[in-house]
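Order of listing sets the numbers, starting from 1, for every ligand and every atom in it. The model shown is predicted, which means the values in this text are computed figures rather than measured ones.
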Amino acid sequence: MTKHEFGIEKPKNLQEEWPGQYKIFSWLEYVVNIPYPIFIITTYKANGKTNANLWSWGFFAGEENGFYSLIALTDTTHTYENIKRTKEWCINIPSLDFKEECFKTIEHNQIDDDEIAQAGFTKEPAICVHAPRIKECPISLECKFEWEKSLLKNSFQKIICGKIVHFGVDEKVVNLDQKERIEQLKIMYNFRSQLNPLTGEVTSGGISIIDKPTFSN
Ligand SMILES: Cc1cc2nc3c(=O)[nH]c(=O)nc-3n(C[C@H](O)[C@H](O)[C@H](O)COP(=O)(O)O)c2cc1C
């Protein structure tokens, strides 16, 4: 394999798809374009209403003493404000069957909105944290704040690390083997639009699932 090697300097005359795109996101995100799993971060607002944030910038890491969620969160979101205040949140992994409801959480984003219900989901209480969970999401991870760090100096992106203190998994998938589980869960992945750095051409992205899992030893 021969690789085309790229520097990180943004090509001149790159056209944004929407104003401010390459300020909010790195242009490289659209070139490298690795799919991220989609999740919904749920928290309580100061007024007790539920907050739901469709997000996909984050991952998980752990060792013997714990499994941790790391999310890269924009500090202007309500979620960031809520996590700073309550120090607790849930990561809910939705299925493709609820794609429409997931995107409705973006529309219902006012302070008085009960975002889980207004998006068409059902709120369920968490077991160990003060944060709501989404009943229709087959995986819910309950998280407690550990630490925060700016992505870089003066960045509006904050990396938030939370210890997973409890989790719930749809009882219909708990006993399934890996292949059946993937087929049943239909976890969504966020594919950004694809930017060709040589031509500046953009092809649109979208949501995708793993529809033909193959495993081999
Ligand atoms: C696949 C995907 C698509 C998104 N599309 C939008 C969008 O069109 N507009 C937007 O403001 N945020 C979009 N977001 C980001 C968040 O969902 C949004 O900022 C969120 O509603 C902020 O919630 P909060 O302020 O309650 O924390 C998207 C996120 C993902 C993962």
Side-chain angles (χ1 to χ4, degrees), residues 16-26 29-30 32-60 69-121 123 126 129-134 136-137 139-141 143 145 148 151 155-162 185-195 202-210:
E16 291 184 330
E17 293 171 81
W18 41 273
Q21 179 183 10
Y22 296 133
K23 278 198 163 51
I24 294 174
F25 296 108
S26 167
E29 186 168 334
Y30 295 88
V32 178
N33 207 356
I34 298 162
Y36 312 127
I38 294 213
F39 48 89
I40 302 174
I41 310 166
T42 46
T43 48
Y44 278 120
K45 304 180 198 192
N47 61 8
K49 300 274 175 71
T50 65
N51 197 90
N53 177 342
L54 186 69
W55 209 248
S56 67
W57 297 271
F59 73 105
F60 302 97
S69 141
L70 288 123
I71 40 179
L73 203 53
T74 312
D75 63 11
T76 50
T77 57
H78 300 135
T79 301
Y80 180 74
E81 187 185 315
N82 296 340
I83 288 177
K84 293 294 274 186
R85 193 184 62 260
T86 66
K87 310 271 190 247
E88 296 183 329
W89 67 95
C90 293
I91 303 274
N92 303 268
I93 315 282
S95 151
L96 179 70
D97 300 338
F98 288 88
K99 183 178 164 193
E100 203 177 307
E101 287 82 353
C102 288
F103 279 85
K104 279 207 180 130
T105 64
I106 300 172
E107 290 166 35
H108 300 287
N109 199 31
Q110 299 304 309
I111 218 69
D112 284 327
D113 287 343
D114 216 322
E115 299 181 19
I116 292 182
Q118 284 175 243
F121 284 122
K123 171 175 108 171
V129 298
H130 174 65
R133 299 195 330 200
I134 297 178
E136 292 80 1
C137 289
I139 302 174
S140 292
L141 308 169
C143 305
F145 180 87
E148 169 187 345
L151 183 61
S155 174
F156 55 84
Q157 296 285 4
K158 311 292 186 208
I159 310 298
I160 307 265
C161 176
L185 286 177
K186 289 188 248 164
I187 289 172
M188 293 182 275
Y189 292 83
N190 184 9
F191 281 78
R192 315 316 305 275
S193 44
Q194 180 68 49
L195 171 65
V202 172
T203 46
S204 53
I207 303 298
S208 188
I209 58 166
I210 300 171

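Counting heavy atoms from C-beta outward, I207 and F103 have side chains that approach closer than 4.5 Å. Taking 4.5 Å as the limit, some side-chain heavy atom of I40 sits within range of a side-chain heavy atom of F121. Looking at heavy atoms from C-beta onward, Y80 lies out of side-chain contact with F156 at the 4.5 angstrom threshold.
Remark: atom 27 (O) of ligand 1 lies closer than 4.0 Å to at least one protein heavy atom.
Every atom of ligand 1 is numbered from 1 in the order shown, and the set under 4.0 Å from a heavy atom of F103 is 1 (C), 3 (C). Near N109, meaning under 4.0 Å from any of its heavy atoms, are these atoms of ligand 1: 23 (O), 24 (P), 25 (O), 26 (O). Under a 4.0 Å criterion applied to the non-hydrogen atoms of S56, ligand 1 contributes the atoms 31 (C). For ligand 1, the atoms lying closer than 4.0 Å to a non-hydrogen atom of N51 are 24 (P), 26 (O), 27 (O).
A salt bridge (Lys or Arg N to Asp or Glu O under 4.0 Å) with E115 holds for exactly one of K123, K45, K49; it is K45. Partner I71 forms a side chain to side chain contact (heavy atoms under 4.5 Å, CB included) with one of I83, I159, T79 and no other, that one being I83.
At the shortest separation from atom 29 (C) of ligand 1 among protein heavy atoms lies L54 O, 3.3 Å.
Of the listed residues (T50, N82, I106), the one carrying the non-hydrogen atom nearest atom 4 (C) of ligand 1 is I106. Checking D113, N53, I41, I111 against atom 22 (C) of ligand 1, the nearest heavy atom belongs to N53.
With 3.5 Å as the limit, one finds a donor-acceptor pair spanning the side chains of H78 and N109.
Using 4.0 Å as the threshold, Y36 has no heavy atom nearer than that to any atom of ligand 1.
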